[in-house]
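Just below is one structure, and these are the notes that go with it.
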Amino acid sequence: MTSLESAARRLSDALDGMRFAAPVSHVYNPLTYAWAPNALYLQRYGQGRKRVVFVGMNPGPFGMVQTGVPFGEIAAVRDWMGIEAEVLRPPEENPKRPIEGFACPRSEVSGRRLWGLFAERFGTAEAFFAGHFVANYCPLAFFDGGRNLTPDKLPAAEQGPLLAACDAHLREVAAILQPEWVIGVGAWAEQRARLALEGLPVRFGRVLHPSPASPVANRGWSAAATRQLHEQGVWAD
């Protein structure tokens, strides 16, 4: 088991004992039921030092929730990364957000945009991951029925233990990958990364979140993110 796999297991075990009150109706932990593809992702693409680590917020319902891979839009994971593995059922399945694994017919727009940019710029997954990696700050997905709830919307009493565990895991990831840059995908992820990694010799940045809920992202996310990465000095022409 690789270092990142061991770290992911520890985080998963720490989070599995946590309980969340209404309006949260269901909690999914892809590090348990979608461990097989997640482990392949970490084994294949999480080896060695990475110059840039992108950090997302938490799993999307048609991305990592289905594939176990951060921003795991199915076509990107299966066809670009070459990862496809068995996805089990969570203990309590949300009838409004069933787990269909790689058979899920829906597309995770955020993941399609993120991985699409990397594929366009670097060509192959191997070329991208030679110096880059993508992680999620929190591996849990929260639902209020069919509605996605993000971790920042949880009550402070529930956020406290969750954020402490996720902070500790991100520090482990940084210690393993030793990045020069940590880039938050969205403002909240950047804020959490800055707090978790305070004092470490790492530079921080941010890209606009590629969510379809963002009007700015819908006006050309790829070009906007590329411009941000150039302006911050993360990517050169």
Side-chain angles (χ1 to χ4, degrees), residues 4-5 7-16 18 20 24-42 45-46 53-78 81 83-94 96-115 133-154 158-159 162-163 165-167 169-170 173 184-186 188-190 192-193 209-214:
L4 284 181
E5 286 177 272
R9 284 289 201 195
R10 282 191 290 276
L11 176 61
S12 181
D13 290 345
L15 298 184
D16 268 348
M18 296 183 185
F20 302 90
V24 175
S25 63
H26 296 82
V27 179
Y28 280 169
N29 180 0
L31 297 184
T32 56
Y33 65 85
W35 175 255
N38 178 264
L40 282 175
Y41 173 71
L42 299 179
Y45 297 120
V53 173
F54 291 89
V55 178
M57 182 186 242
N58 76 315
F62 311 113
M64 186 173 179
V65 159
Q66 303 293 340
T67 65
V69 174
F71 291 92
E73 201 265 336
I74 287 160
V77 175
R78 183 190 59 221
M81 297 180 210
I83 291 173
E84 187 170 7
E86 184 181 19
V87 176
L88 305 175
R89 300 274 182 183
E92 292 185 33
E93 194 164 8
N94 180 354
K96 294 189 176 178
R97 288 290 178 260
I99 298 303
E100 299 170 278
F102 286 83
C104 179
R106 299 283 296 271
S107 175
E108 182 79 27
V109 175
S110 294
R112 190 168 75 239
R113 288 173 173 172
L114 186 86
W115 295 115
F133 189 70
V134 178
N136 258 337
Y137 172 76
C138 173
L140 300 184
F142 303 93
F143 298 99
D144 172 7
R147 191 165 68 96
N148 192 43
L149 296 173
T150 50
D152 57 317
K153 300 297 192 293
L154 297 172
E158 293 180 352
Q159 276 194 47
L162 174 68
L163 300 184
C166 295
D167 283 353
H169 177 256
L170 188 58
V173 170
V185 182
W188 191 83
E190 182 203 14
R192 292 312 314 170
H209 197 286
S211 168
S214 164

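Among Asn58, Leu163, Val185, the single residue meeting the side-chain contact (heavy atoms from CB on, under 4.5 Å) criterion with Tyr137 is Leu163.
Side-chain contact check for Val53 versus Val55: some heavy-atom pair is nearer than 4.5 Å. For the pair Pro139 and Cys166, the minimum side-chain heavy-atom distance is below 4.5 Å. Residues His26 and Leu149 have side chains not in contact (no heavy-atom distance under 4.5 Å, counting atoms from C-beta outward). Between Val87 and Ile99, the closest side-chain pair of non-hydrogen atoms falls below 4.5 Å. For the pair Glu100 and Pro105, the minimum side-chain heavy-atom distance is below 4.5 Å. Phe143 places a side-chain heavy atom less than 4.5 Å from the side chain of Asn148. Put simply, the side chain of Leu162 reaches to within 4.5 Å of the side chain of Cys138, judged on heavy atoms. A heavy-atom distance below 4.5 Å is not found between the side chains of Glu84 and Val77.
Judged by distance alone, the side chain of Ser107 and the main-chain N or O of Val109 form no donor-acceptor pair under 3.5 Å. At distances below 3.5 Å, not a single donor-acceptor pair connects side-chain atoms of Ser12 with backbone N or O atoms of Ala8. Side chain of Glu73 to main chain of Gly111: no donor-acceptor pair is present (N/O by atom type, distance under 3.5 Å, no hydrogens or angles). No side-chain donor-acceptor contact under 3.5 Å links Ser211 to the backbone of Ser110. Although no hydrogens or angles enter the test, the distance criterion places a donor-acceptor pair under 3.5 Å between the side chain of Trp115 and the main chain of Phe71. Remark: side-chain polar atoms of Glu190 are not paired, donor with acceptor, to backbone N or O of Gly184 under 3.5 angstrom. Remark: the backbone N or O of Leu154 is paired with a side-chain donor or acceptor of Gln159 at under 3.5 angstrom. No donor-acceptor pair closer than 3.5 Å links the side chain of Gln66 to the backbone N or O of Ile74.
In this structure, CG on Leu40 lies 9.5 Å from OH on Tyr45, to the nearest 0.5 angstrom. Leu15 CG to His169 NE2: the interatomic distance, rounded to the nearest 0.5 Å, is 9.5 Å. Between atom CZ of residue Phe62 and atom CZ of residue Arg106 there is a gap of 3.5 Å, rounded to the nearest 0.5 Å.
The shortest heavy-atom contact between Ala189 and Met57 is CB-N, 4.3 Å. Nearest heavy-atom pair across Gly145 and Ser25 is N-OG, 2.8 Å. Looking at every heavy atom in both residues, Glu86 comes nearest to Ala36 through O-CB, 3.6 Å. The nearest pair of heavy atoms linking Leu4 to Gly46 is CD1-O, 3.4 Å. Of all non-hydrogen atoms in Leu31 and Arg9, the two that sit nearest each other are O-NH1, 4.4 Å.
Geometric assessment of Arg78 against the ring of Phe102 yields a negative cation-pi assignment under the 6.0 Å and 45° thresholds.
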Before you tell me yes or no, could you show the steps for Arg97 and Val65 under side-chain contact (heavy atoms from CB on, under 4.5 Å), namely the whole-Å CA-CA distance, both residues' side-chain angles and the distance that decides it to 0.1 Å? CA-CA 9 Å; Arg97 288 290 178 260; Val65 159; over 6 Å; no
Using the side-chain contact (heavy atoms from CB on, under 4.5 Å) rule, take Phe142 and Lys153 through it: C-alpha gap first, then chi angles, then the decisive distance, then the call. CA-CA 10 Å; Phe142 303 93; Lys153 300 297 192 293; over 6 Å; no
Let's go through Trp35 and Leu88 carefully: what are the C-alpha distance in whole Å and the side-chain angles of both, what is the deciding distance for side-chain contact (heavy atoms from CB on, under 4.5 Å) to 0.1 Å, and is it a yes or a no? CA-CA 9 Å; Trp35 175 255; Leu88 305 175; over 6 Å; no
ring-ring contact (aromatic ring centres under 6.0 Å, His included) evaluation trace for Tyr41 with Phe133: CA-CA 10 Å; Tyr41 173 71; Phe133 189 70; 5.2 Å; yes
side-chain contact (heavy atoms from CB on, under 4.5 Å) between Asn38 and Glu5, intermediate numbers included: CA-CA 9 Å; Asn38 178 264; Glu5 286 177 272; over 6 Å; no
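Taking the six-membered ring for Trp and the full ring otherwise, Tyr33 and Tyr28 have centroids separated by under 6.0 Å.
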